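Remember, predicted model here, so these are calculated numbers, not experimental data.
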Amino acid sequence: MQEMKPIKEGKVREIYDNGDSLIMVATDRISCFDVILKNEITKKGTVLTQMSKFWFDMTKDILPNHMISVDVEDMPEYFRQPKFDGNSMMCQKLEMLPIECIVRGYITGSGWASYQKTGKVCGIELPEGLKESDKLPEPIYTPSTKAEIGEHDENISFEQSIEHLEKQFPGKGQAYAEKLRDYTIALYKKCAEYALRKGIIIADTKFEFGLDEDGNIVIGDEMLTPDSSRFWPVEGYEPGHGQPSFDKQFARDWLKENPDNDWTLPEDIVEKTIGKYLQGYEMLTGEPLK
């Protein structure tokens, strides 16, 4: 069995070149505040991969995605080891577009901070008198630039996203920007309506898109996972303050309260964090993680 080395390692993912495809492995690493913690969160990588698969399958009618298979039997022999089973996805190679496509259905996080100062989010005027965590009248598209690891993404307006795309794809910036916006909103609306019926509010999320060899826009990376989205329980939802969430909020909160943490979580916080990921997965898909 030939050992394979990743061609790219992110904070959580490792990407392997498989000739005409890529293999994306979601590790059990967890990052908070752009730092990789010293703990691993068991099964987290499997939750991320299987949840992306669930949404990719559900949204094929809106646009194609990059998933080829999550079965390690379809992958080179190196991936048929227990540590890759369930958390690996074989994907199409895409030319990724340089925009993070963020959609917000509720006002929270950096959007709430911006609204309090200016009444706007990414240049979009919002109604007066919104409270933190309020549902917006319509979902809004608030793109950002993609930063290198260690840098922070920068929120931009829709007009700036056209310029940003035009630099890389002369003559196509406007068309791509409009398609990204329309796909982002369509994907969000379909999935957020579904999730609401399952007891989960998708407050906001981000998508990444790329071009296939024929120049078609395809959804890539991950989709609607607790790492790329804010999931809130419908039960107990109440605007006016922050909401509990099905993600790494437990880990973030603990780190904030314990500044001398050395980026290491206590075991009970690790357990609570993975518990949230698993609960979110089961509520959305209707079945326990295999």
Side-chain angles (χ1 to χ4, degrees), residues 8 10 13 15 22 24 48 51-67 89 91-111 114 120-126 136-148 151-195 202-225 227-230:
K8 189 176 172 199
R13 282 189 174 64
I15 298 177
L22 293 174
M24 282 176 62
L48 298 184
M51 201 176 265
S52 289
K53 176 191 186 297
F54 174 77
W55 295 116
F56 284 150
D57 286 338
M58 188 191 287
T59 53
K60 287 198 293 257
D61 58 330
I62 297 177
L63 85 162
N65 58 67
H66 71 164
M67 177 173 70
M89 183 180 287
C91 310
Q92 241 178 310
K93 285 185 170 173
L94 302 174
E95 180 180 5
M96 296 307 285
L97 296 169
I99 297 282
E100 302 235 317
C101 298
I102 299 164
V103 54
R104 303 167 191 266
Y106 293 73
I107 185 108
T108 182
S110 63
S114 165
K120 297 179 183 173
V121 177
C122 293
I124 300 167
E125 191 83 46
L126 293 178
L136 296 170
E138 270 298 306
I140 56 172
Y141 173 61
T142 60
S144 81
T145 59
K146 278 188 197 175
E148 293 302 309
E151 306 275 309
H152 287 286
D153 300 337
E154 185 191 343
N155 290 340
I156 53 176
S157 66
F158 176 69
E159 288 65 39
Q160 286 170 303
S161 80
I162 298 175
E163 290 163 30
H164 203 63
L165 287 158
E166 185 66 31
K167 269 187 223 144
Q168 200 168 325
F169 303 97
K172 297 194 168 152
Q174 176 92 28
Y176 283 164
E178 287 173 3
K179 277 188 169 165
L180 292 183
R181 176 195 62 199
D182 296 349
Y183 281 144
T184 296
I185 300 269
L187 289 166
Y188 173 77
K189 280 188 164 170
K190 176 171 185 166
C191 298
E193 280 166 21
Y194 167 84
I202 302 175
D204 53 35
T205 192
K206 71 166 183 175
F207 301 117
E208 296 196 31
F209 299 91
L211 303 173
D212 68 11
E213 58 229 14
D214 302 322
N216 301 312
I217 293 182
V218 173
I219 185 161
D221 200 53
E222 62 182 328
M223 181 172 180
L224 285 162
T225 71
D227 272 15
S228 66
S229 327
R230 276 193 182 88

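- With contacts defined as side-chain heavy-atom distances shorter than 4.5 Å, the pair Y176/Q168 does not qualify.
- Using a 4.5 Å heavy-atom cutoff, the side chains of M51 and S228 are not in contact.
- Atom-to-atom distance recorded for S144:OG and E100:CD is 4.5 Å, nearest 0.5 angstrom.
- Side chains of I124 and F158 form no contact here, defined as non-hydrogen atoms less than 4.5 Å apart.
- Taking CG of D204 as the reference point, atom CD1 of I102 lies at 8.0 Å (rounded to 0.5 Å).
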Test log, rule side-chain contact (heavy atoms from CB on, under 4.5 Å), inputs W55 and N65: CA-CA 10 Å; W55 295 116; N65 58 67; over 6 Å; no
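- For the residue pair S114 and K120, the shortest heavy atom distance occurs at OG-O, 2.6 Å.
- Considering all non-hydrogen atoms of both residues, I185 and I140 come closest at CD1-C, 4.2 Å.
- With hydrogens and angles disregarded, a donor-acceptor distance shorter than 3.5 Å links the side chain of K190 to the backbone of M58.
- Closest heavy-atom contact between M96 and G220: CE-CA, 4.4 Å.
- Other residues, nucleotides and ligands contribute at most 12 non-hydrogen atoms within 6.0 Å of the CD atom of E213.
- Geometrically, R230 does not engage Y106 in a cation-pi contact, judged by NZ or CZ lying under 6.0 Å from the ring centre and within 45° of the ring axis.
- Looking only at side-chain heavy atoms (C-beta outward), M67 and D57 come within less than 4.5 Å of each other.
- For NZ of K172, the number of neighbouring non-hydrogen atoms (other residues, nucleotides, ligands) closer than 6.0 Å is 12 at most.
- Considering all non-hydrogen atoms of both residues, C122 and T142 come closest at SG-CB, 3.5 Å.
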Test side-chain contact (heavy atoms from CB on, under 4.5 Å) applied to C191 and M223, step by step: CA-CA 10 Å; C191 298; M223 181 172 180; 4.1 Å; yes
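- If you take CD on E193 and CD1 on I202, they are separated by 10.5 Å, rounding to the nearest 0.5 Å.
- For the pair F169/P98, a side-chain contact is recorded, criterion being any heavy-atom separation below 4.5 Å from C-beta on.
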T184 vs F209, side-chain contact (heavy atoms from CB on, under 4.5 Å): CA-CA, chis, key distance, verdict: CA-CA 9 Å; T184 296; F209 299 91; 3.5 Å; yes
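- Distance check, rounded to the nearest 0.5 Å: CD of E95 to CG of D212 gives 10.5 Å.
- Counting heavy atoms from C-beta on, the side chains of L180 and P143 never come closer than 4.5 Å.
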L63 and L187: CA distance, side-chain angles, deciding distance, side-chain contact (heavy atoms from CB on, under 4.5 Å) verdict: CA-CA 9 Å; L63 85 162; L187 289 166; 3.8 Å; yes
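- A distance-only check finds no donor-acceptor pair linking the side chain of D214 to the backbone of N216 [under 3.5 Å].
- Note: K206 NZ to I99 CD1 = 13.0 Å, rounded to the nearest 0.5 Å.
- S229 and L224 make their closest contact through OG-CA, 3.4 Å (heavy atoms, listed as atom of the first residue, atom of the second, distance).
- For the pair E138 and K189, the minimum side-chain heavy-atom distance is below 4.5 Å.
- Contact between V218 and H66 at its shortest, heavy atoms only, is CG1-N, 3.6 Å.
- Atom CG of residue D221 and atom NZ of residue K146 lie 7.0 Å apart, to the nearest 0.5 angstrom.
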